[in-house]
Amino acid sequence: MIDIKFIRSNVELMKTAISNKNEKADLDTLLALDEQRRKLQFDFDTIKARQNSVSQVIAQKKKARENADRELAEMSQVAEEIKLVAANLNGVNEEFDRLLLTIPNVPQPEVPIGKDETANTIAKIWGKQPELGFEAKDHLEIATQNKLLDLPRGAKISGSGFPIYTGFGARLERALISFMLEFHQQKHGYEELMVPLAVNRKTMTGTGQLPKLEEDMYHINEDDLFLIPTAEVPVTNIYADEVLSYKDLPKCYVSYTPCFRREAGSYGKDTRGLQRLHQFNKVEMVRFVEPEGSAQALEEMLANAEAILQAFGLHYRVVNLCTGDLSFASQRTYDLEVWAPGTGKYLEVSSVSNFGEFQARRANIRYKDKDGKVRHVHTLNGSGLATPRLMIALLETYQQADGSILIPPVLQPWLGIKL
RNA sequence: GGAGAGGUGACCGAGCUGGCUGAAGGUGCACGCCUGCUAAGCGUGUGUGGGUCAAAAGCCCACCCAGGGUUCGAAUCCCUGCCUCUCCGCCA
């Protein structure tokens, strides 16, 4: 969340940020509630001070075996008043907190201003579209021919968007995950975590999925748990309500998890094959850093994600998201889009974001800096990478004229293949 | 799921026969001293959030898992929830 003090003194900036992000947030009501809240807090403090001081007088008189009836009579009244003011204050605070959680993060100045993805800019292009020398098939044809997927049966047992990887397809998927996990640990210094796939409401609120995206998530009613849409959620929240030391930072984690998304509202769009799924696998990088280091950390994480695509020799581009395309919690985001020759499109395989202190405030993740001052950390995360579209790009890029596929050399050891 | 014990500051750990206890002591951390170096030792300091203030100091309020209750007054008593530990049951 955004610091209310910052909002108070930067109202215009906040309004611009909200509208640039295509969000709706009721700043005026929030500010009015803030006003009320502070007034009530003042009343509460004043009367509480009275209670505390008379309380001491009573204690002293009792000790000295003096009569304190007058004080006691006054205190009964004060106690009543306190109850009233407290009830009022609690009500206002609740409403205030609820509203504050709906205020989005503020984009960084470097972020291009724009309404939607058409205003995104291309930050970088790596490699170029390969010449296959024959007509490219799309990944679904290739997968079917090579018996890598069984989507109909996945749909039968769960519904569309729940893929089954079969035989070599399953091994290839597993190899991709293992390769990426090891790569980030050995080359980029991340520590691996295996985390819960179902998390509670507080956790979902901490990273900013709630309250906004409740409709997009699978929910387990009985226990009020949500299936995670990304490892970002459990991993970022591991330090919720903790105070770390500056010596602990930066912390860099990599975690593989399945991800679950209802994708409400995006039915029928780009759904062929593995393009858009309700369950998919992703290797995620998460960093906790000191505020001064977050801009650089973002660039490093982008490079970490790119390194995977480069290792596979896949053509891709880096997209600099505009304000309207940024997520609710993000200050700045790069997307990685890999080229899929058969599908004929660039497909998003990674999103690398800097959240500043936004998530750290929500989840209450702080650290003590070198001067002993307690501050919020900055959090970042980036996919490194999501597998389905990566698989698409690999199959379509490395398909052969006879319908078979080549496996990039770096991946071969993970499949027990030797050439 | 059943029975018991417990949840205190960055961490460990007293207090829990209600009233100068925001909380002893220790560790850690910061600064200083000392010592060929390191280790050890000595001294001082060290909670968070909110309010008041131009700012600092000072002062006020809240916070001893969370939410209620009892009371003039609760870290301390009662209830509920969550979590941890031990035992039993069940089970991969």
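The structure displayed is predicted, hence computed values, not measured ones. First the proteins, then the strands, lettered A, B, ... as listed; each starts at 1.
- If you check every strand for non-hydrogen atoms under 4.0 Å, S55(A) touches a base.
- Annotation: U48(B) and A57(B) have their P atoms spaced 13 Å apart (nearest Å).
- Side-chain contact check for K48(A) and Q51(A): at least one donor-acceptor pair (N or O, by modelled atom type) lies under 3.5 Å.
- To the nearest whole angstrom, the two P atoms, one in U21(B) and one in C60(B), are 15 Å apart.
- Between Y246(A) and G28(B) there is no side-chain polar atom (N or O) within less than 4.0 angstrom of OP1 or OP2.
- Remark on RNA chain B: of its neighbouring residues M75(A) and K63(A), the 5'-side contact belongs to K63(A), judged by nearest-heavy-atom nucleotide.
- Contact annotation: K5(A) reaches the phosphate of G50(B) (side-chain N/O to OP1 or OP2, under 4.0 Å).
- Between the C1' atoms of G26(B) and C79(B), the separation comes to 35 Å (whole Å).
- To the nearest angstrom, C1' of A30(B) lies 11 Å from CG of D369(A).
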Inset, instruction - Between protein and nucleotides 60-69 of chain B, map the contacts as a letter string: B base, S sugar-phosphate only, - none, heavy atoms under 4.0 Å, written 5' to 3'. - result: SSS-------

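- Within the shown strands, nothing qualifies as a pairing partner of A92(B) under the Watson-Crick or G-U definition with both distances less than 3.5 Å.
- Checking D335(A) against S351(A) by side-chain atom types alone, a donor-acceptor pair falls below 3.5 Å.
- Pairing for C11(B) is with G26(B), a Watson-Crick or G-U wobble pair whose two hydrogen-bonding atom distances lie under 3.5 Å.
- Taking atom CD1 of I82(A) as the reference point, atom P of G73(B) lies 8 Å away to the nearest angstrom.
- The aromatic ring centroids of F358(A) and F328(A) lie less than 6.0 Å from each other.
- Between the CD1 atom of I58(A) and the P atom of C20(B) there is a distance of 13 Å, rounded to whole Å.
- Nucleotides C42(B) and G51(B) are separated by 41 Å at their C1' atoms, to the nearest Å.
- The separation between E242(A) atom CD and G9(B) atom P is 12 Å, rounded to whole Å.
- Under a 4.0 Å N-O distance rule, the pair D216(A)/R261(A) does not qualify as a salt bridge.
- Going from atom CG of L40(A) over to atom P of G50(B) covers 18 Å, rounded to whole Å.
- Nucleotides U70(B) and G18(B) have their C1' atoms positioned 12 Å apart, rounded to a whole Å.
- Remark: C59(B) base-pairs with G51(B). Criterion, Watson-Crick or G-U wobble with two distances under 3.5 Å.
- Taking atom P on both nucleotides, G15(B) is separated from C77(B) by 12 Å, rounded to a whole Å.
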Inset, instruction - Any chance you could lay out the side chain to side chain contact (heavy atoms under 4.5 Å, CB included) test for F226(A) and L210(A), step after step, and finish with the verdict? - result: CA-CA 10 Å; F226(A) 296 86; L210(A) 288 179; 3.8 Å; yes

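- Across all strands shown, U70(B) has no partner, as no Watson-Crick or G-U wobble contact with both distances under 3.5 Å is found.
- Atom CG in D241(A) sits about 12 Å away from atom P in G9(B), given to the nearest Å.
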Legend entry - Derivation and outcome, side chain to side chain contact (heavy atoms under 4.5 Å, CB included), residues Y218(A) and H278(A): CA-CA 10 Å; Y218(A) 289 98; H278(A) 289 307; 3.2 Å; yes

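- Nearer the 5' end of RNA chain B, as judged by each residue's closest nucleotide, is the contact made by A59(A), out of A59(A) and K373(A).
- Figure legend. U84(B) is base-paired to A5(B); pairs are counted as Watson-Crick or G-U wobble with both atom distances under 3.5 Å.
- Nucleotides A75(B) and A62(B) place their P atoms 9 Å apart, quoted to the nearest Å.
- Atom pair Y367(A):OH and U48(B):P shows a separation of 14 Å (rounding to whole Å applied).
- Taking the six-membered ring where the residue is Trp, Y190(A) and H188(A) present perpendicular rings, their angle passing 60° and hence far from 30°.
- If you run side-chain hydrogen bond (donor to acceptor under 3.5 Å, both in side chains) between S294(A) and each of H378(A), R332(A), R287(A), Q331(A), only H378(A) comes through.
- Between R201(A) and E214(A) a salt bridge is recorded (basic side-chain N to carboxylate O distance below 4.0 Å).
- At whole-Å resolution of the value, CG in N364(A) and C1' in U48(B) are 10 Å apart.
- When the C1' atom is compared between G41(B) and A55(B), the two are found 41 Å apart, to the nearest whole Å.
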